[in-house]
J.: 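Questions regarding the structure given below will be posed in turn.
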Amino acid sequence: LASVRCLACASVRYPNELFFFFLWTNWILLKRAVIRMNGEKFRRFVRAPPRNYSVIIMFTALQPQRQCAVCRQADEEYQILANSWRYSSAFTNKVFFALVDFDEGADVFQMLSMNSAPTFINFPSKGKPKRADTYELQVRGFAAEQIARWVADRTDVHIRVIRPPNYAGPLMLGLLLALIGSLAYLRRNNLEFLYNKNVWAFSALCFVLIMTSGQMWNHIRGPPYAHKNPSTGQVSYIHGSSQAQFVAETHIVLLFNAAVTLGLVLLHEAATSNVDIGKRKIMCIAGIGLVVLFFSWLLSIFRAKYHGYPYSFLIS
């Protein structure tokens, strides 16, 4: 308490010490890794110079009525990053993490002409934020490790991200291995299915579809599932740039690739199977329809992401 009184006195004598007082009482006394700010606190402690700190602020919309699932996912990663810094042995008062919720600071969103969330901005201790001080969320994703690299680039503060233990992955792997082992044990006297070409072909095809749809990119970059504009409420499932993607986009591409593959399989069966001619005609028509329709949709997605691509098929 004595230290708080000293800081309070200093805040009266020195205007820039008021920022020290506010942040330290939030971070040390209340042990908050992320400081919540409204419009008044933002103008008072971030916009008003002088400051000796860089402030990383996440602008978001976390209230349930906003229905921003991406905001909640990004907030979890942001909290992990802030806690990693707050409880790090290398912690200094050079960088602080803050949050402005749309419903608590709509005037801040209007002040900064901001119409999307979540958005991360670094407010440096000297000067105004530059273009690079706005985090490229749609390109880098919102994984704590990616944000930490950006923070290090903008502030020279290197944060080692420490995640809480997550046993879901090993548990699921253990259950999968137990399931496979149980099935093998139950069919121990009949393991011919292990030599079935169709089983291995289907497994390989599923693996190829998963990889070609961009799932590994999602695992590395951690992009949002989709993007919802908090002002209009419009949800985007396809990213407008060729340098990034949404998780929903990879699911759509996987579905379209699977449909094209199924169409090709039907065409092959129609040409080589020994079933009656009527069924072969149905398979042929269905195969052509699947290939034409879903390949057209795939091409339209490609055109939407690679602006200026000159070719299209059925759907422009």
Side-chain angles (χ1 to χ4, degrees), residues 18-48 51 53-87 95-125 128-129 133-144 146-148 150-151 154-155 159 161 163-164 222-236 246-247:
L18 187 60
F19 191 53
F20 285 84
F21 174 67
F22 171 74
L23 293 180
W24 278 109
T25 52
N26 274 272
W27 278 58
I28 296 178
L29 299 182
L30 300 179
K31 294 184 178 180
R32 291 179 180 173
V34 177
I35 304 166
R36 296 186 73 95
M37 288 187 175
N38 54 22
E40 178 185 356
K41 291 178 180 178
F42 176 81
R43 287 187 290 270
R44 190 175 183 181
F45 303 120
V46 178
R47 298 287 284 187
R51 281 189 292 105
Y53 298 90
S54 292
V55 185
I56 308 296
I57 299 183
M58 174 184 176
F59 297 90
T60 186
L62 296 174
Q63 297 303 316
Q65 64 269 21
R66 299 299 174 187
Q67 299 180 354
C68 184
V70 178
C71 295
R72 291 189 290 272
Q73 296 170 6
D75 181 65
E76 293 177 359
E77 294 293 312
Y78 190 59
Q79 295 289 341
I80 291 174
L81 174 64
N83 278 295
S84 298
W85 175 238
R86 170 66 182 82
Y87 297 103
V95 174
F96 289 96
F97 291 88
L99 181 146
V100 176
D101 191 279
F102 181 78
D103 291 280
E104 299 172 3
D107 52 337
V108 180
F109 278 73
Q110 184 177 3
M111 181 193 311
L112 300 176
S113 301
M114 194 176 302
N115 58 8
S116 63
T119 300
F120 299 91
I121 299 179
N122 169 49
F123 292 87
S125 57
K128 296 181 179 180
D133 286 311
T134 299
Y135 180 69
E136 296 177 327
L137 177 67
Q138 296 181 346
V139 175
R140 297 187 178 186
F142 51 70
Q146 292 291 337
I147 303 176
W150 169 72
V151 171
R154 303 312 305 164
T155 65
I159 303 174
V161 176
R163 293 183 175 273
Y225 187 80
H227 176 72
K228 182 177 182 180
N229 190 314
S231 301
T232 63
Q234 183 179 3
V235 180
S236 299
F246 297 133
V247 175

J.: Could you check if a side-chain atom of L137 sits within less than 4.5 angstrom of a side-chain atom of P118, using non-hydrogen atoms only?
T.: yes
J.: For the atom pair SG (C71) and CZ (F102), what is the distance rounded to the nearest 0.5 Å?
T.: 11.0 Å
J.: Please report the interatomic distance CG(D107) to CG(L112), rounded to the nearest 0.5 Å.
T.: 9.5 Å
J.: Write down the atom of V108, the atom of G39, and the distance for their closest heavy-atom approach.
T.: CG2-CA, 3.5 Å
J.: One pair to check against side-chain contact (heavy atoms from CB on, under 4.5 Å): D103 and Q65. What are the steps and the verdict?
T.: CA-CA 10 Å; D103 291 280; Q65 64 269 21; 3.8 Å; yes
J.: Enter the distance from F120:CZ to F97:CZ here, rounded to the nearest 0.5 Å.
T.: 10.0 Å
J.: May I have the step-by-step check of side-chain contact (heavy atoms from CB on, under 4.5 Å) for R163 and E77, ending in yes or no?
T.: CA-CA 9 Å; R163 293 183 175 273; E77 294 293 312; 2.5 Å; yes
J.: Shortest non-hydrogen contact from F109 to A117?
T.: CE2-CB, 4.4 Å
J.: How long is the span from the CD1 atom in I56 to the CH2 atom in W150, to the nearest 0.5 Å?
T.: 4.5 Å
J.: Indicate the ring-plane relationship of F42 and F59, choosing parallel, tilted or perpendicular according to the 30° and 60° boundaries.
T.: perpendicular
J.: With distance as the sole test, does N83 use its side chain to make a donor-acceptor pair with the main-chain N or O of A33 at under 3.5 Å?
T.: no
J.: Less than 4.5 Å apart, side chain to side chain, heavy atoms only: is that true for L99 and D75?
T.: yes
J.: Can you name the closest pair of heavy atoms from A148 and I159 and give their distance?
T.: CB-O, 4.0 Å
J.: How long is the span from the CE atom in M58 to the CG atom in D101, to the nearest 0.5 Å?
T.: 9.0 Å
J.: Just by distance, do the side chain of W85 and the backbone of V95 share a donor-acceptor pair under 3.5 Å?
T.: yes
J.: Report, as yes or no, whether the 6.0 Å neighbourhood of atom CD on Q63 holds more than 12 heavy atoms from other residues, nucleotides or ligands.
T.: yes
J.: Of all heavy-atom pairs between A98 and V34, which one has the smallest distance, and what is that distance?
T.: C-CG1, 3.8 Å
J.: If you look at every heavy atom in S54 and S125, which pair is closest and at what distance?
T.: OG-N, 3.6 Å
J.: Quick check for you: to the nearest 0.5 Å, what is the distance between Q146 atom CD and Y135 atom OH?
T.: 5.0 Å
J.: With side chains defined as the heavy atoms from C-beta onward, is the minimum distance between D133 and P124 less than 4.5 Å?
T.: yes
J.: Would you say CZ of R47 has more than 12 non-hydrogen atoms from neighbouring residues, nucleotides or ligands within 6.0 angstrom?
T.: no
J.: Measure across S236 and A226 and return the closest heavy-atom pair with its distance rounded to 0.1 Å.
T.: O-CB, 3.4 Å
J.: Which one of I121, I35, V46 satisfies the side-chain contact (heavy atoms from CB on, under 4.5 Å) criterion with I57?
T.: V46
J.: Yes or no on side-chain contact (heavy atoms from CB on, under 4.5 Å) for N122 and T155, after CA distance, side-chain angles and deciding distance?
T.: CA-CA 9 Å; N122 169 49; T155 65; 3.9 Å; yes
